[in-house]
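For reference, the structure is listed below as structure tokens.
This one's a predicted model, so the numbers in the text were calculated from it and none came from an experiment. One is the number of the first residue; the rest follow in order along the sequence.
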Amino acid sequence: MSDQKRKGIYLLPNLLTTAGLFSGFFAVVSSMNGRFEAAAVAIFVAMIFDGLDGRVARMTNTQSDFGAEYDSMADMVSFGMAPALVAYNWGLTELGKLGWLAAFIYVAGAALRLARFNTQVGIADKRFFQGLASPAAAAVVSGLVWVGVEYDAVGTDYGFIVAAVTGLAGLLMVSNFKYNSFKEVNWHGKVPFVGLLLVLLIFVVVATEPALVLFLVFALYALAGPINTFRTVEKVTLDDVVGDHEEDADFNADKKKSNESVDNKQE
């Protein structure tokens with residue numbers, strides 16, 4: 001018994017994941033109580049914890065299969081269900097079926113996006129995301145709510161805009177548009193002194209109007225994928241927008257090998 005490896009989970013990265021999960025749950029509860037600003041901020045807080053748990057796990061060499069699965073479940077709550085419910089409670093309730101359909105499109109897009117990401121770990125190009133990442137999509141939706149509350153807008157008066165943004169964010173998550181992941185940035189390297197000044201300037205700008213600045217930043221990032229695709233591809237095809245053409249190519253290659261194997265046996 002003493003020779004058997006003791007089973008357990010790593011505390012620190014999973015504690016950060018739990019904090020992100022709590023933030024997403026808090027966002028849902030806050031939106032149900034009409035506290036939409038707190039709900040939107042909570043989703044952005046969940047993004048911070050989501051960015052920390054993976055990096056802490058790699059820095060402390062505490063990665064695990066349990067941590068990866070737990071992180072996906074937490075992301076589904078914080079960046080899938082929470083933004084959709086916050087948007088629905090703020091601006092989609094009076095649209096009837098159209099309102100909850102827009103929210104469901106977002107939830108389904110987030111689930112499919114996370115499932116596809118998990119199946120492509122280790123084989124996908126780390127420089128790019130295939131489709132809009134779920135935290136960025138959540139930032140667009142929750143940022144819209146935050147801006148609306150900040151400027152005293154009544155969400156139901158802009159229901160069609162909220163539905164369009166929410167549904168579009170969900171569709172962008174399952175698209176083939178490529179988004180820069182910024183994982184190739186060397187965070188350990190040295191930068192000029194002016195680089196530190198630029199970082200300080202960014203913090204100042206965000207602090208002046210956090211709701212508007214964050215929404216605009218993530219909205220522009222969401223639009224960057226389609227813009228780059230239409231700008232770099234001479235003739236845009238359906239595979240450039242939706243579908244898994246790379247997976248289809250692998251399937252066709254396996255099918256070709258299988259047919260060749262059958263032909264060889266027949267010979």
Margin query: Could you measure the distance from the CG atom of Leu21 to the CG atom of Asn14? Nearest 0.5 Å is fine.
Written below: 11.5 Å

Notebook entry, point to check: Parallel, tilted or perpendicular: which fits the ring planes of Phe36 and Trp90, with parallel below 30° and perpendicular above 60°?
Noted result: perpendicular

Margin query: Quick check on Phe25: does its CZ atom have over 12 non-hydrogen neighbours (other residues, nucleotides or ligands) under 6.0 Å away?
Written below: no

Check: Going by atom types alone, do Tyr10 and Thr60 pair a side-chain donor with an acceptor below 3.5 Å?
Finding: no

Next item on the list: Indicate yes or no: at least one non-hydrogen side-chain atom of Met47 is less than 4.5 angstrom from one of Phe218.
Entry: yes

Notebook entry, point to check: To the nearest 0.5 Å, how far apart are CG in Leu114 and CE in Met76?
Noted result: 7.0 Å

Next item on the list: Could you check if a side-chain atom of Asn228 sits within less than 4.5 angstrom of a side-chain atom of Lys178, using non-hydrogen atoms only?
Entry: no

Check: Looking at side-chain heavy atoms only, is the closest gap between Ser31 and Val145 below 4.5 Å?
Finding: no

Notebook entry, point to check: Would Asp75 and Ser134 count as having a side-chain donor-acceptor pair, cut-off 3.5 Å?
Noted result: no

Note to self: Quick check: do Val45 and Phe49 have side-chain heavy atoms less than 4.5 Å from each other?
What the structure shows: yes

Item checked: Atom pair CE (Met81) and CG (Leu85), whose distance is rounded to the nearest 0.5 Å -> 4.5 Å

Check: Are side-chain heavy atoms of Phe26 and Arg35 found at a separation under 4.5 Å?
Finding: yes

Next item on the list: May I have all residue pairs that pass ring-ring contact (aromatic ring centres under 6.0 Å, His included) and include part of residues 145-172, sequence neighbours excluded?
Entry: Phe44-Trp146

Notebook entry, point to check: Does Ala46 have any side-chain contact (heavy atoms from CB on, under 4.5 Å) partners at least two apart in sequence or in another chain, and if so, which?
Noted result: Ser23, Ser78, Phe79

Checklist line | Summary of ring-ring contact (aromatic ring centres under 6.0 Å, His included) pairs that have at least one residue in residues 91-114, sequence neighbours excluded | finding: none

Margin query: Does any part of the side chain of Leu171, heavy atoms only, come nearer than 4.5 Å to the side chain of Ile105, both counted from C-beta?
Written below: yes

Note to self: Using the rule side chain to side chain donor-acceptor pair (under 3.5 Å), only one of Thr17, Thr18, Thr62 pairs with Asp53; which is it?
What the structure shows: Thr17

Check: Val162 versus Tyr88: any side-chain heavy-atom pair under 4.5 Å?
Finding: no

Check: Do Phe129 and Met173 have side chains that get closer than 4.5 Å, going by heavy atoms?
Finding: no

